Amino acid sequence: MKITLKDGSVKEYAQAMSVYDIALDISEGLARVACAGEVNGKVVDLRTVVEDDCTLSILTANDAEGLRTLRHTTSHVMAEAVKNLFPNVKLAIGPSIDEGFYYDFDSEPFSREDLDKIEAEMKKIIKKGNRLERFTLPRAEAIKFMEEKGEPYKVELIRDLPEDAEISFYSQGEFTDLCAGPHLMNTKGIKAFKLISSSMAYWRGDSNKAQLQRIYATAFNKKEELEAYLEHLEDIKRRDHNKLGREMELFTTVDVIGQGLPLLMPKGAKMIQTMQRWIEDEEEKRGYIRTKTPLMAKSDLYKISGHWDHYKEGMFVLGDEEKDKEVFALRPMTCPFQYYVYKASQKSYRDLPLRYGETSTLFRNEDSGEMHGLTRVRQFTISEGHLIVRPDQMVEEFKGCLALAKYCLDTLGVGEDVTYRLSKWDPNNKEKYVGTEEVWEETQGHIRQILKELEIPFYEEEGEAAFYGPKVDIQAKNVYGKEDTMITIQWDAVLAEQFDMYYVDEKGEKVRPYIIHRTSMGCYERTLAWLIEKYAGKFPTWLCPEQVRVLPISEKYADYAKKVEAALKDNGILCTVDNRSEKIGYKIREARMDKLPYMLIVGQKEEEENLVSVRSRFAGDEGQKTLDAFIDRICKEIRTKEIRKEVVQEENAK
């Protein structure tokens with residue numbers, strides 16, 4: 001047989017060979033670092049026997065799939081260590097993931113001390129260098145094998161496999177686990193690993209099933225790679241909005257108020273206010289007219305829209321349909337309210353498009369396990385809008401919504417951090433949606449063409465559409481890599497019919513309009529979380545809740561400091577004065593720790609000559625300037641929403 005290698009060279013063998021033996025024949029060094037193979041584009045175990053002509057790549061930890069194999073083998077070592085230390089623990093699953101691997105156990109919660117003990121036990125196992133041996137069993141024997149080991153989760157997994165599935169196991173010494181592979185040849189191939197954390201997880205992700213304990217970990221081929229990754233994790237912790245936002249007193253949560261109901265502190269509230277005023281003014285420039293609608297409505301409204309049938313479980317319902325004459329629900333969206341604003345008077349084709357905008361507070365009954373800081377909450381505020389348009393206006397108005405979203409992202413400095421998703425219906429679950437297949441395919445085609453015309457890179461995903469129409473979801477990842485939808489723009493050719501919405505065309509006939517549901521910046525709370533993590537709390541000046549702090553060198557210059565503060569405030573600059581009787585070096589250090597854009601230091605010379613000594617996050621000591629010159633410079637920075645690049649330098653505050 002002929003084996004074509006990655007470099008194009010060809011090896012010929014007279015008999016079948018395992019991937020590992022072929023690697024060994026190429027070189028002993030390659031065999032030592034081999035993690036898996038790729039035969040005709042399919043990743044396989046090193047033990048896989050090659051019998052026919054094929055293309056073959058030997059994968060090492062420098063290859064993505066090779067690294068996944070190394071990590072998966074490490075997860076087996078972790079499971080063995082846990083069983084050695086805690087024999088009564090039951091094993092669930094242990095896959096590799098993008099940045100490492102995890103394993104779920106039916107166990108008491110693991111402490112950090114437990115994780116350290118597990119790491120030590122893993123090192124002992126790795127040092128033994130046991131070979132991993134693969135074997136298969138018929139279904140009945142496989143079930144019996146795991147029943148005898150007292151592993152009910154493994155038994156359930158086997159029972160759920162297809163009847164014709166090959167049921168394989170891997171053993172390393174006395175430890176055996178159900179697994180499809182691939183795996184390293186022996187445990188000595190594991191060079192660097194770390195157990196990161198543990199948390200609760202539901203069996204098979206179902207909150208109605210058993211609560212398990214998940215250990216997250218990672219592994220690399222080299223110690224240096226592991227150290228770099230651990231430093232990356234430390235940076236993540238420093239940026240985590242749930243931690244940093246509280247430390248900066250931007251928001252807090254209180255148990256007696258409720259999960260998913262954050263309190264915005266004065267600084268956080270100021271940032272939200274700044275963004276809200278900016279968005280509302282920008283929308284007005286682009287032809288939006290504002291509405292203000294109720295926070296709740298009778299169930300009748302949601303039955304017309306379809307939300308009662310398709311989304312009731314996600315709503316906060318007030319009352320009982322069987323007992324109460326009227327049942328209300330807090331609104332999870334604003335669209336049906338704005339439809340009735342539209343219907344309040346007859347509209348002509350000349351009146352369209354109508355662009356309604358509203359800063360909307362919404363309520364969604366998210367699962368308790370999904371709550372996280374400001375990114376997943378039960379009450380939130382969005383820059384919501386609905387455009388009522390003629391069918392011939394739909395494409396251009398949809399493009400306008402995309403342009404507004406892009407402007408908002410670029411202004412915030414996050415335009416390069418997002419991906420665009422065409423969220424489509426699932427034709428295999430038509431009962432989840434309203435409208436015909438023809439309408440869905442047509443509207444999805446329109447959005448696809450718009451994105452192509454605008455040269456916006458995008459990907460498509462079935463099952464992510466709203467129940468009434470496809471949409472563009474603009475996605476971003478938090479510091480932990482979890483993806484959230486930041487902005488959405490939806491094409492709706494259905495709900496106007498349900499609400500009997502129409503306009504009178506040039507022939508005097510009633511015609512159904514189309515509707516665009518969109519956000520310009522999305523959820524304010526989620527965006528604030530995003531910005532905290534993006535900038536590690538060092539926000540662009542225009543967004544900062546405190547833009548300048550005036551620092552008098554001593555109490556003698558308190559009056560001049562107040563004069564500087566008054567001039568700044570007269571120009572709309574957010575500022576404070578630090579009049580404490582502390583040394584100036586201490587005040588500077590505190591201002592730096594508070595991540596302020598600017599400090600103005602004032603003393604005798606500054607007072608005599610109407611100057612300020614400027615220190616900034618961006619350039620350190622910027623020297624003395626006249627107060628007017630500084631005000632002109634910062635006002636321009638705020639007005640243009642400039643994002644100044646920071647110069648990395650550490651000053652010694654004197």
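Atom set for the values below is all heavy atoms of this structure, side chains included, hydrogens, waters and symmetry mates excluded. These figures come from a predicted structure and were not determined experimentally.
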For this session: Could you please spell out the steps behind the side-chain hydrogen bond (donor to acceptor under 3.5 Å, both in side chains) verdict for Arg214 and Ser197?
Result: CA-CA 8 Å; Arg214 176 172 295 177; Ser197 63; over 6 Å; no

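- Ion pairing of Lys399 with Glu453 is present here, as a side-chain N (NZ or NE/NH1/NH2) and a carboxylate O approach within less than 4.0 Å.
- Side-chain contact annotation: Thr519 with Thr488, donor-acceptor N/O pair under 3.5 Å absent.
- If you check the side chains of Thr541 and Arg617, you find no donor sitting under 3.5 Å from an acceptor.
- Taking the six-membered ring for Trp, Tyr598 and Phe618 have ring centres closer than 6.0 Å.
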Exercise. Checking side-chain hydrogen bond (donor to acceptor under 3.5 Å, both in side chains) for the pair Arg526/Thr485: CA distance, chi angles, key distance, verdict?
Worked result: CA-CA 9 Å; Arg526 185 174 289 179; Thr485 299; 5.4 Å; no

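- Side-chain atoms of Asp240 and Tyr480 form a donor-acceptor pair, as typed in the model, at a separation below 3.5 Å.
- A ring-centre distance under 6.0 Å is not found for His446 and Phe398.
- No side-chain N or O of Glu461 forms a donor-acceptor pair with one of Ser423 less than 3.5 Å apart.
- The number of heavy-atom neighbours closer than 6.0 Å to NZ of Lys477, taken from other residues, nucleotides and ligands shown, is 12 or below.
- Annotation: the span from Ile489 atom CD1 to Ile516 atom CD1 amounts to 8.5 Å, rounded to 0.5 Å.
- In Asp98, the CG atom is not crowded: 12 or fewer heavy atoms of neighbouring residues, nucleotides or ligands sit closer than 6.0 Å.
- Between Tyr229 and His232, the ring planes lie tilted relative to each other; the angle falls in the 30° to 60° range.
- Around CE of Met200, the count of heavy atoms belonging to other residues, nucleotides or ligands within 6.0 Å exceeds 12.
- Using modelled atom types, one finds no donor on one side chain facing an acceptor on the other under 3.5 Å when comparing Arg644 with Ser616.
- Using bins of under 30°, 30° to 60° and over 60° for the plane-to-plane angle, the ring pair Trp425/Trp440 lands in the parallel bin.
- In this model, no donor atom of one side chain and acceptor atom of the other lie less than 3.5 Å apart for Thr419 and Gln475.
- In the model, Thr334 has no side-chain atom that pairs as donor or acceptor with a side-chain atom of Glu358 under 3.5 Å.
- In summary, Arg518 and Glu384 do not engage in a salt bridge, as defined by a charged side-chain N under 4.0 Å from a carboxylate O.
- For Tyr102 and Tyr216, the ring centers sit closer than 6.0 Å to each other.
- In summary, the side chains of Gln449 and Lys452 do not present any donor paired with an acceptor at a separation below 3.5 Å, with no hydrogens or angles considered.
- Environment of CD in Glu313: sparse, with no more than 12 heavy atoms of neighbouring residues, nucleotides or ligands closer than 6.0 Å.
- No salt bridge links Asp309 with Lys303; every basic N to acidic carboxylate O contact stays at or beyond 4.0 Å.
- Under the 6.0 Å cut-off for aromatic ring centres, Tyr340 and Phe499 qualify, their centroids lying closer than that.
- Few gaps surround CD on Glu431; more than 12 heavy atoms of other groups in view lie less than 6.0 Å from it.
- Annotation for Lys209: atom NZ counts as buried by contact number, over 12 foreign heavy atoms lying within 6.0 Å.
- Residues in residues 499-510 take part in these side chain to side chain donor-acceptor pair (under 3.5 Å) pairs, two or more places apart or across chains: Asp500-Arg512.
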Exercise. Should Tyr342 and His386 be marked as a ring pair (Phe, Tyr, Trp, His ring centres under 6.0 Å) after you check the CA-CA gap, both sets of side-chain angles, and the distance that decides it?
Worked result: CA-CA 10 Å; Tyr342 176 85; His386 297 90; over 10 Å; no

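- Salt-bridge formation is not detected for the pair Glu38/Lys6: no Lys NZ or Arg NE/NH1/NH2 atom is positioned less than 4.0 Å from an Asp or Glu carboxylate oxygen.
- The number of heavy-atom neighbours closer than 6.0 Å to NZ of Lys406, taken from other residues, nucleotides and ligands shown, is 12 or below.
- Residues Ser345 and Lys347 have side chains that bring a donor and an acceptor to within less than 3.5 angstrom of each other.
- Donor-acceptor pairing under 3.5 Å is recorded for the side chains of Thr55 and Asn40.
- Between the side chains of Glu280 and Thr359, at least one donor N or O sits under 3.5 Å from an acceptor N or O.
- The closest side-chain donor-acceptor pair between Ser520 and Glu283 falls under 3.5 angstrom.
- With rounding to the nearest 0.5 Å, the separation of CZ in Phe363 from CZ in Phe316 is 8.5 Å.
- Tyr407 carries Arg286 over the face of its six-membered ring, with the cationic atom under 6.0 Å from the centre and within 45° of the normal.
- A distance of 12.5 Å separates CZ of Phe380 from CZ of Arg378, quoted to the nearest 0.5 Å.
- For the residue pair Gln490 / Tyr468, a side-chain donor-acceptor distance below 3.5 Å is found, with atom types taken as modelled.
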